[in-house]
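Since we're looking at a predicted model, the values are computed, not measured. Counting convention: from 1, in listed order, for ligands and their atoms alike.
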Amino acid sequence: MVELAGELEALEAEARQEISAAADPQALAEVRARFLGRKGSLRGLLRGIGSLPPEERARAGEAANRVKDRIEALVRERREALRREAEARSLAGHRLDVTLPGAGPAPGHLHPLTRLMRDVTRFFHGLGFSVEDGPEVETEYHNFEALNFPPDHPAWDLQDTFFVRGGHVLRTHTSPVQIRVMTGREPPFRFLALGRVYRHDSDPTHSPMFHQVEGFLVDDGVSFADLKGVLFAFARHLFGDDTGVRFRAHYFPFTEPSAEIDFSWRGAWLEVGGCGMIHPNVLRECGLDPERYQGFAFGLGLDRIAMVRHGIPHIGLLFDADQRVLEQL
Ligand code: FA5
């Protein structure tokens, strides 16, 4: 019996040492199995109990059970200590800094064309132009006839028109706003009209729906030089002080003389629109005396300007509403 007590004591001391050395729950489970498992050291010791006299057997059994309970308690303690250590390590690794700024929703921004239209409007406000509006479903009269397109003239096809039943079209340009604004009013006029226009047209630089800005000024003594001055100032506002402007003789039924306008952009010429002195027939159609009043008008494509400003290779990218593209603009 004395011998057994000594062996139990040694076993307990050995278990205590190994338990406190177990570095993780897996190692701890192995230590426990080695000492208390079915093939463990304690069972091995107890096998000898059978050879003891019966009165000693019970005491030996009790002593062994006490050792077992103590080892179990040590394992529990160590398991709990390991759990606390792991928790402390995890907390230290995932430290929460409550002073960091929160992840708010990403701020949106205005569409590049909206920004451009606001910029254009602000610039022309500075020159005394105010903004007028017109319908996108327009009468053939305002879109063509009143602008001096002869009826059934092939010029109607120049603009690849979308026809709507009942003498209406989707406006092919912003010029009909000239007619709506000038009719029944007395000059001086200084107006701007911006918005969507439509043409049966589609390729990397042409879209069936696009945007124009129309500017027109009517007064007495207005000349082509005034038109040039305004467009030069506008080009420089848009693209910088070394921007060139080029006028190429052209034909529009509603202006005479007429020109196409190019702005220079990084060494290349970019066709931005058309312009000219408002045709006497148009002034007359609006009830104005062409002997007394002269005016200039211009119509520029805004999408092209937005494309070069942002380096967009295909006009469709402006309208696809692709978040990945718009976020870059
Ligand atoms: C006109 O639309 C005339 N109304 C401009 C004008 C106004 C002339 C006042 C005289 C006086 P044009 O068809 O050239 O002109 O179109 C003007 C500009 O719109 C073009 O230079 C181009 O920049 C743009 N544009 C034309 N078609 C498209 C299209 N399908 N997609 C994108 N931009 C276009």
Select one of side chain, backbone, both or neither to describe which atoms of [X] lie under 4.0 Å from any atom of ligand 1, heavy atoms only.
{"X": "R199", "result": "side chain"}
{"X": "T205", "result": "backbone"}
{"X": "H206", "result": "both"}
{"X": "S175", "result": "side chain"}
{"X": "F216", "result": "neither"}
{"X": "V272", "result": "backbone"}

Any salt bridge between [X] and [Y], counting N to O under 4.0 Å?
{"X": "R78", "Y": "E18", "answer": "no"}
{"X": "R32", "Y": "E72", "answer": "yes"}
{"X": "E80", "Y": "R83", "answer": "yes"}
{"X": "R16", "Y": "E12", "answer": "yes"}

Item to complete: Tell me, please: is S207 in heavy-atom contact with ligand 1, that is, under 4.0 Å?
Response: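 Judged by the 4.0 Å heavy-atom criterion, S207 does count as contacting ligand 1.
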
If we only consider heavy atoms of F254, is any one of them less than 4.0 Å away from an atom in ligand 1?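 F254: in contact with ligand 1 (<4.0 Å).
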
Please could you name the atoms of ligand 1 that [X] approaches to less than 4.0 Å, counting only its heavy atoms?
{"X": "A297", "result": "9 (C), 11 (C)"}
{"X": "T255", "result": "10 (C), 11 (C)"}
{"X": "G301", "result": "18 (C), 19 (O), 23 (O), 24 (C)"}
{"X": "D201", "result": "30 (N)"}
{"X": "E271", "result": "20 (C), 21 (O), 23 (O)"}

* Might you work through the side-chain hydrogen bond (donor to acceptor under 3.5 Å, both in side chains) test for Y141 and E285, ending with a clear yes or no? => CA-CA 11 Å; Y141 169 76; E285 186 68 24; 2.5 Å; yes

Is there a path of hydrophobic side-chain contacts, each under 4.5 Å between heavy atoms of I/L/V/M/F/W/Y residues, joining M209 to L170?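 Linked, L170 and M209 end up in one cluster.
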
- request: For D133, look at atom CG and say whether over 12 heavy atoms of other residues, nucleotides or ligands are found less than 6.0 Å away.
  value: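 12 or below, so no.
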
Any N/O of [X] closer than 3.5 Å to an N/O of ligand 1?
{"X": "G273", "result": "yes"}
{"X": "D303", "result": "no"}
{"X": "E214", "result": "no"}

(request) Enter the distance from E132:CD to Q178:CD here, rounded to the nearest 0.5 Å. (result)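 Rounded to the nearest 0.5 Å, the CD-CD separation comes to 12.0 Å.
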
Quick one: are T255 and F296 in side-chain contact, heavy atoms under 4.5 Å?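 In short, these two side chains do not touch, never coming nearer than 4.5 Å.
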
* Asked: Heavy-atom distance under 4.5 Å between the side chains of F319 and D303, does that happen here?
  ->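 The answer is yes, as the side chains (C-beta and beyond) meet within the 4.5 Å cut-off.
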
- request: Taking the six-membered ring for Trp and the single ring otherwise, decide whether the centroids of F124 and F234 are under 6.0 Å apart.
  value: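 Yes, close enough.
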
- [ ] Measure from atom 16 (O) of ligand 1 to every heavy atom in R304, Q212, H173, M209 and give the option owning the shortest one.
- [x]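 The nearest heavy atom belongs to Q212.
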
